[in-house]
2 protein chains.
Amino acid sequence: MKVTMEDVAREAGVSRSLVSLAFRGAYGVNEATRDHILAVAGRMNYQPNSAAATLASRGTSTLGVFLLDLHNELFADVHDGIREVAGPAGRELLLTVGSIGGNLDRPALDLLVRARVDVVIAAGLLLSDDELAPYRRSLKLVSVMREVPEADNVLSDNVLGAGLAIDHLLGLGHRRIVHLASPRSDGYGGRREGYMRAMKQAGAKPRVVVSDYSRTEAAKAIAPVLDGAAPPTAIFAHNDQTALGVLDALHLRNLRVPEDVSVVGYDNTSASRPPGIALTTVDVHAGRLGRLAAEAAIARAADPAADPHEVRTTPSLVVRGTTAAPPR
Amino acid sequence: MKVTMEDVAREAGVSRSLVSLAFRGAYGVNEATRDHILAVAGRMNYQPNSAAATLASRGTSTLGVFLLDLHNELFADVHDGIREVAGPAGRELLLTVGSIGGNLDRPALDLLVRARVDVVIAAGLLLSDDELAPYRRSLKLVSVMREVPEADNVLSDNVLGAGLAIDHLLGLGHRRIVHLASPRSDGYGGRREGYMRAMKQAGAKPRVVVSDYSRTEAAKAIAPVLDGAAPPTAIFAHNDQTALGVLDALHLRNLRVPEDVSVVGYDNTSASRPPGIALTTVDVHAGRLGRLAAEAAIARAADPAADPHEVRTTPSLVVRGTTAAPPR
DNA sequence: ATGAAAGCGCTAACAT
DNA sequence: ATGTTAGCGCTTTCAT
C-alpha cells in the first residue's frame, strides 16, 4: 500500500541510502543517478515518511507556531511575518491554535512538543509563568508579544504604546478616559500600566474595567460604565477587537463617535481600517514581530545554548476617525 | 537529555510495554501500577515522542487541517466548527496554511502528508482537480467548500446562495447588477453560475469582473466599472472580503451605500456585522460546515473504504444595511 | 497483569 | 559515488 524508500531503492536499482541522499538533495550523488531516483519515486508516488525521518535524525527542521486566536487578525499578520522569513530559510510551518480563554494553550503546545518541531514560536500565550516553566525543558520557545522568563522574547513596548494613546486623548482635551483592560495574566500588564502611568502623570483619575478578548464580551463589559453616572468621554480598549465591541455598545445607545465619545484601539489590525470604522489605534507592526520571531527561532535552532534573546519593538499611533475633542 | 520511555520504565521498575500501555490508558494495567508509572513519568517530565509512536503504529489520530487564508475569518469559523467536534472525539488538530494565490496549497498539503496525519480536512483548496488527483493515493481528504472529485465533500450550495442574493436585489428593483467574481478555478464556479442563472432568468444583462480574494485587489478591480459608462446600481461580490473592497472603492468616490449603490457580500463573516458596515450577505454557516467536515473526517478514519461522502448545505440570506432600492 | 522481542521507515556513520 | 549496518523510541504480537 504505502510506498517506502526501500521500494523506491529496489525499483531504481540502488541502495536505500542513495535514495535518502537524493531526496535531501545532498552533495555526492551523481546527477544522473539522482534524477533517475527522483523520477522513479515520482512515478511510484512515493512520499517520505517524516515520522521515520524525525525519529532517525532526532529532530525536524519544521517550526511550530502557536497562535492564540484565529478570529483576531493580529495573529494572521504575525503568521505572515513568520512565513516571510521561514519560507526562504527552507523552514516549514506547522500550526496549532489556542483559545481566548487560554484553556487550550496547553494541549496546543503539547501537540507541538510531541510532533518534535525544532522550535516553537508562540504568539499570545495566556499560560502563567509557572505553567510555562516545565516547557523550558522540552521546548525551544520564542514568545511573541508576551514576555516569558528565560525564553526568547519578541515584544512590543506596550507601556509606551498605551502612553501614546492616552497622550493623544489627553492632548485632545479628554480627562475622563476609561480603560477597557484584558484579564490579568502574566506578561500582559503593559497596556494597563502605560495607561495608569499616563493618567497619573496628567493628574487624571484612572478607571479600569475588565473584559475578555471577545468583541461581544467587550460590549457587555463597557455597558454599565456607559449607562452609569459620569460616563467617560473617551475609551481606550485593550485591542481592536474589544474596541469594536465598544463601538457596538456605543452604536446601540445612539452615541456618536467621535462627537460624543472617542475610542482608541490597539494593534492596527485590518478590522480597524475600513472607512466605516476608521478606528484610531496603536500599531504594533505585527508583521515585523513575526519576522523577528522567525529570525530568533532560526537562530535558536542553530545555537540551542545561546543566551536568551530579547527584542522590544516600538509601536506607533495611527490616528483615524474615532478620536476628537470631547463634547463641551 | 531527552527522557525516553525506557528511562521511565527503568525508574518505575517496570517494562517499556507497560509504560506504553499505561500512557495510552489501556485496559489490563493494574490501576496502582498505572498511577505509579504516570507519577514517575510526570516527575521526570517525560514527553512521548510521537514520531516514534507514529512510526510504530503506522499512523496517528491527529487530524490535519488546511486553511486557505488566515486573513479571512470564514476559515476561523470553519476551524471552530472542526474543533467543536474533533475535541470531544479526542482528535487533535495540526494546521497548515495556504495562500490567496493558491501557490502554497501544495507545500501545505505535502507537509500534512509527511506528518502522517490520519485525515486532512481542507477548507478552500485552490489546486485544480488535476493537481489534486495524485493526493488521492497518499491522503484521506475531506474538502470543505470546494468539490473535489472522489474525495469526501462538505459543500454549501453556492448556486442557490447566489440566487438568493440576486433575487433580493432584483426584488428591490435593481437591473444593472455587476458580479465581482473570483478567478476561475475548479470547484468554485457556483456563485458565478448562480448569478448568471438568476440574471438571465430575470432577463437582466449579466456583467462579471474578476479579482483575486484580497480586499485591496477587489477595490482596484471594481474601480473601472464604477468610473465607466452605465455604472451598476448594485454589486454582488464573491465574498465579504471583496465586498469590503468594493465598499472602500465606493467610499473613495463619495458614493453612498445603499442610496447610490447596493452591495451584497458572501459568507457572513464577522467583518460584515459591525454596525458601521452592516453588509447584506449570504450566510454559509461556516461553523456547521466545520462540524460536518470533522464528522466526515472521523467517519473516514474509521472506514477508509467507504464510499465518498457528500453533503451540500443550504445557505441563507442575511439582509442588513447595504441594500435598498436603486436610485431613480 | 506484565515482560521480551521484533519491527515501523528512515538517517547517519562508516565502509568500499 | 554508492552500499552496509546500526540504531532512533515507540507499538505490537506473543509469551508468561
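Chain naming here is simple, since letters A, B, ... match the order of the sequence lines and numbering starts at 1 in each.
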Enquirer: Categorize Thr33(A) for me: base, sugar-phosphate, or nothing, with a 4.0 angstrom heavy-atom threshold over every strand shown.
Expert: sugar-phosphate
Enquirer: List the steps and the verdict of side chain to side chain contact (heavy atoms under 4.5 Å, CB included) for Thr60(A) and Leu94(A).
Expert: CA-CA 11 Å; Thr60(A) 44; Leu94(A) 225 34; over 6 Å; no
Enquirer: For DNA chain D, which nucleotides open and close the run of contacts to chain A, 5' to 3', at under 4.0 angstrom from a non-hydrogen atom?
Expert: dA1(D) to dG9(D)
Enquirer: Looking at DNA chain C, which of residues 39-49 of chain A put a heavy atom within less than 4.0 Å of it?
Expert: Tyr46(A), Asn49(A)
Enquirer: Which nucleotide span of DNA chain C, 5' end to 3' end, has atoms closer than 4.0 Å to non-hydrogen atoms of chain A?
Expert: dG9(C) to dA12(C)
Enquirer: Give Ser17(A) one of three labels, base, sugar-phosphate or nothing, depending on what nucleic acid heavy atoms sit under 4.0 Å from its own.
Expert: base
Enquirer: So how far off straight is the helix from dA1(C)-dT16(D) to dT16(C)-dA1(D), going by the axes through five pairs at either end, to 10°?
Expert: 30°
Enquirer: Using heavy-atom distances to pick each residue's nearest nucleotide on DNA chain C, tell me which of Ser15(B) and Ala56(B) is more 5'.
Expert: Ser15(B)
Enquirer: Should Val19(A) and Val14(A) count as side-chain neighbours, where that means a heavy-atom distance under 4.5 Å?
Expert: yes
Enquirer: Could you go through Lys140(A) and Asp303(A), starting from their C-alpha distance and side-chain angles, then the distance that decides it, and tell me whether this counts as salt bridge (charged side-chain N to carboxylate O under 4.0 Å, His left out)?
Expert: CA-CA 11 Å; Lys140(A) 296 173 201 154; Asp303(A) 182 1; over 6 Å; no
Enquirer: What's the separation between atom CD1 in Ile298(A) and atom CZ in Arg91(A), rounded to the nearest 0.5 Å?
Expert: 6.0 Å
Enquirer: Could you list the residues that satisfy salt bridge (charged side-chain N to carboxylate O under 4.0 Å, His left out) with Arg106(B), not counting sequence neighbours?
Expert: Glu131(B)
Enquirer: At what distance, to the nearest 0.5 angstrom, does CG of Leu70(B) lie from CG of Leu95(A)?
Expert: 6.5 Å
Enquirer: Are Val120(B) and Thr96(B) side-chain neighbours, meaning at least one heavy-atom pair lies under 4.5 Å?
Expert: no
Enquirer: Quick one, Leu125(A) and Asp105(A) - any side-chain contact, counting heavy atoms below 4.5 Å?
Expert: yes
Enquirer: Any side-chain heavy-atom pair from Tyr46(A) and Val40(A) closer than 4.5 angstrom?
Expert: no
Enquirer: Could you check whether Ser50(A) gets within reach of a base, just the sugar-phosphate, or nothing at all, counting any heavy atom under 4.0 Å?
Expert: nothing
Enquirer: Could you tell me if the side chain of Met145(B) sits less than 4.5 Å from the side chain of Leu68(B), heavy atoms only?
Expert: no
Enquirer: Are Val117(A) and Leu63(A) side-chain neighbours, meaning at least one heavy-atom pair lies under 4.5 Å?
Expert: no
Enquirer: Is any side-chain heavy atom of Asp152(A) closer than 4.5 Å to a side-chain heavy atom of Val119(A)?
Expert: no
Enquirer: Return the CD to CG distance between Glu150(A) and Asp307(A), rounded to the nearest 0.5 Å.
Expert: 11.0 Å
Enquirer: How do Arg16(B) and Leu55(B) order along DNA chain C: which one's closest nucleotide is nearer the 5' end?
Expert: Arg16(B)
Enquirer: Compare all side-chain heavy atoms of Val3(B) with those of Glu11(B) and state whether any distance is below 4.5 angstrom.
Expert: no
Enquirer: Under 3.5 Å, is there a donor-acceptor pair between the Asp130(A) and Ser128(A) side chains?
Expert: no
Enquirer: Let's see if you get this right: which residues in residues 4-12 of chain B place a heavy atom under 4.0 Å from DNA chain D?
Expert: Thr4(B), Met5(B)
